[in-house]
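See structure below.
Remember, predicted model here, so these are calculated numbers, not experimental data. These numbers come from the heavy atoms of this one structure, side chains and all, not from hydrogens, waters or symmetry mates.
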Amino acid sequence: MKYNFDEIIDRCDTDSVKYDDLYRNFGTTDVLPMWVADMDFKAAPQIVKAAEECCKRAVFGYTFRTEEAKQAFIGWVGRRYNWSVRPEWMSISPGVVTALCVSVRAFTEKGDKVLILTPVYPPFLGVVNDSERELVCSSLIIQNGHYEVDWEDFENKLRQGVKLFILSNSHNPVGRVWTRAELERMGQLCCKYNVIILSDEIHADLALPGYQHTVMASVSEEIAACTLTAMAPSKTFNIAGMMNSLVIASSKDLLDRYNKVMYALHLDVGNIFGHVTLKAAYLYGEEWLNELVVYLKGNVDFAADYIQRELPYLKMIKPEGSFLLWLDFRGTGLTHEEVGDILVRKAKVALNDGIPFGKEGYGFRRMNIGCPRSILQEGLERIKRAF
């Protein structure tokens, strides 16, 4: 490989949430951080160079997303997903979570129903509850060795007057890269019941070898007309701290409604490093990304093999995308709280608690394996010794 993903990088004392905010979240600092969903790899050299050149100018005034940056993104999604995007379809958000919050306020009123598929990334639940909307959950089910949509329940929930469906595509935390057929079925049902789709596609670029991400809005013009897509280079290129995301809608009405709330909150400026690194990522980051997903696939395979051999009480369904494992600890025979205590106090490993992802997360933990393989091995060995 041209890029060294085995390099150990000391991230302590860098104001990192993942490393320097452990005490507030786990009550101790003596744990191996495998929780927050950013990776322990250096960004692609081309991205670093763009940030360094910006620094050398030593002027950090107001900035904006250039036409060149927009065209870089348009070229990226065109090549990778056969998705044709026009510049006038594009808007901005500091982060995808912010876009979720803005969208809930733009497309629904207080008391309106918003549907999500659980277990799912906790801010999905938070932006609905915090905005005083009614949260409607449809539980994913395990069939054929992976998580699938409960189609009967999904449609039943839609017909109850849901106004907005928030989709995690690809899905965090269960690792599904939804197929085109699945997305088409979701989209057609939303069109049938006049439900707007907000598709969070922040993990799109991290589909693992053997899987292909499909953009919901690319499935059909009918589905695109009721879909708002949120994307970002943050997870892909490990630049989440740059806070620069994209919001895309071919429907002028949807984009105008989104922009009305976004501009009212004055979230449109962005930061200078976010703009320059976004452009560099989409122009020059493809080679780095191609090597990254191969390395991540190796980590997934390593973890699956280790768990099968050494941790038979754990269950893991191999993710199809991203760098997150959804681990089922129920086979230990311990309560959810007892598992959490052992992980922190004995194993000295910090994983995400499953319950904030929805009631389906009882007994589960999310592990971030976007790290050098030696760190992944150390984390698994700590869990083995503790249990």
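Under the 6.0 Å cut-off for aromatic ring centres, Tyr313 and Phe387 qualify, their centroids lying closer than that. A centroid separation of 6.0 Å or more is found between the aromatic rings of Tyr284 and Phe237. Between Tyr81 and His213, the distance separating the two ring centers is shorter than 6.0 angstrom.
The closest side-chain donor-acceptor pair between Thr118 and Glu360 falls under 3.5 angstrom. Side-chain polar atoms of Ser322 and His203 form a donor-acceptor pair below 3.5 angstrom. For the residue pair Asp10/Tyr19, the side-chain donor-acceptor check at 3.5 Å is not satisfied. No donor-acceptor contact under 3.5 angstrom links the side chains of Asn25 and Trp35, judged on distance only. There is no side-chain donor-acceptor pair under 3.5 Å between Thr66 and Glu68.
Listed for the Asp15 side chain is no donor-acceptor partner under 3.5 Å among the backbone atoms of Asp20. At least one donor-acceptor pair under 3.5 Å links the side chain of Glu320 to the backbone N or O of Val177. Between the side chain of Gln188 and the main chain of Ile223, no donor-acceptor pair closer than 3.5 Å is present. Arg176 places no side-chain N or O within donor-acceptor distance of the main-chain N or O of Ser168, the cut-off being under 3.5 Å.
Within 6.0 Å of the CZ atom in Arg309, the count of heavy atoms belonging to other residues, nucleotides or ligands exceeds 12. Other residues, nucleotides and ligands place more than 12 heavy atoms under 6.0 Å from the NZ atom of Lys113. By the neighbour-count criterion of 12 heavy atoms within 6.0 Å, atom CD of Glu337 is densely surrounded, having more than that number from other residues, nucleotides or ligands. Around CD of Glu310, the count of heavy atoms belonging to other residues, nucleotides or ligands within 6.0 Å exceeds 12. No more than 12 heavy-atom neighbours from other residues, nucleotides or ligands sit within 6.0 angstrom of CG on Asn194.
Between Tyr295 and Phe5, the ring planes lie tilted relative to each other; the angle falls in the 30° to 60° range. By the 30° and 60° cut-offs, the orientation of the rings of Trp76 relative to Tyr282 is tilted.
Ionic pairing of Glu67 and Lys70 is present here: one or more N-O contacts between side-chain nitrogen and carboxylate oxygen are shorter than 4.0 angstrom. A salt bridge does not link Asp205 with Lys235: every distance from a Lys NZ or Arg NE/NH1/NH2 to an Asp or Glu carboxylate oxygen is 4.0 Å or more. No salt bridge links Glu109 with Lys163; every basic N to acidic carboxylate O contact stays at or beyond 4.0 Å.
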Anything under 3.5 Å between a donor and an acceptor, one on a side chain of residues 245-252, the other on a protein residue two or more places apart or in another chain? List them.
{"residue": "Ser245", "atom": "OG", "partner": "Val96", "partner atom": "N", "Å": "3.3"}
{"residue": "Ser251", "atom": "OG", "partner": "Asp253", "partner atom": "N", "Å": "3.4"}
{"residue": "Ser251", "atom": "OG", "partner": "Leu254", "partner atom": "N", "Å": "3.1"}
{"residue": "Lys252", "atom": "NZ", "partner": "Asp256", "partner atom": "OD2", "Å": "2.7"}

Ignoring hydrogens and angles, write down the donor-acceptor pairs under 3.5 Å from the side chains of residues 41-59, residues two or more places apart or on other chains.
{"residue": "Lys42", "atom": "NZ", "partner": "Glu7", "partner atom": "OE2", "Å": "3.2"}

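Residues Phe124 and Leu117 have side chains not in contact (no heavy-atom distance under 4.5 Å, counting atoms from C-beta outward). You'll find the side chain of Thr179 stays beyond 4.5 Å of the side chain of Thr214, heavy atoms only. Looking at Ser234 and Ile202, their side chains come closer than 4.5 Å, going by heavy atoms from C-beta outward. For the pair Thr335 and Tyr362, the minimum side-chain heavy-atom distance is below 4.5 Å. Residues Thr28 and Arg345 meet the side-chain proximity criterion, which asks for heavy atoms closer than 4.5 Å. Counting heavy atoms from C-beta on, the side chains of Asn244 and Pro233 never come closer than 4.5 Å. The side-chain heavy atoms of Val85 and Thr229, taken from C-beta on, include no pair separated by under 4.5 Å. Looking at Ile375 and Ile8, their side chains come closer than 4.5 Å, going by heavy atoms from C-beta outward.
Met216 and Tyr121 are assigned to two separate hydrophobic clusters, defined by single-linkage of ILVMFWY side chains at heavy-atom distances under 4.5 Å.
From Arg257, atom CZ reaches atom CZ of Phe107 across 6.0 Å, with rounding to the nearest 0.5 Å. Interatomic distance, CG of Leu327 versus CZ of Arg366, reported as 11.0 Å (0.5 Å rounding). In this structure, CZ in Phe273 is found 7.0 Å from CE in Met242, a value given to the nearest 0.5 Å.
Residues that satisfy the ring pair (Phe, Tyr, Trp, His ring centres under 6.0 Å) test with Phe323, not counting sequence neighbours, are absent from this structure.
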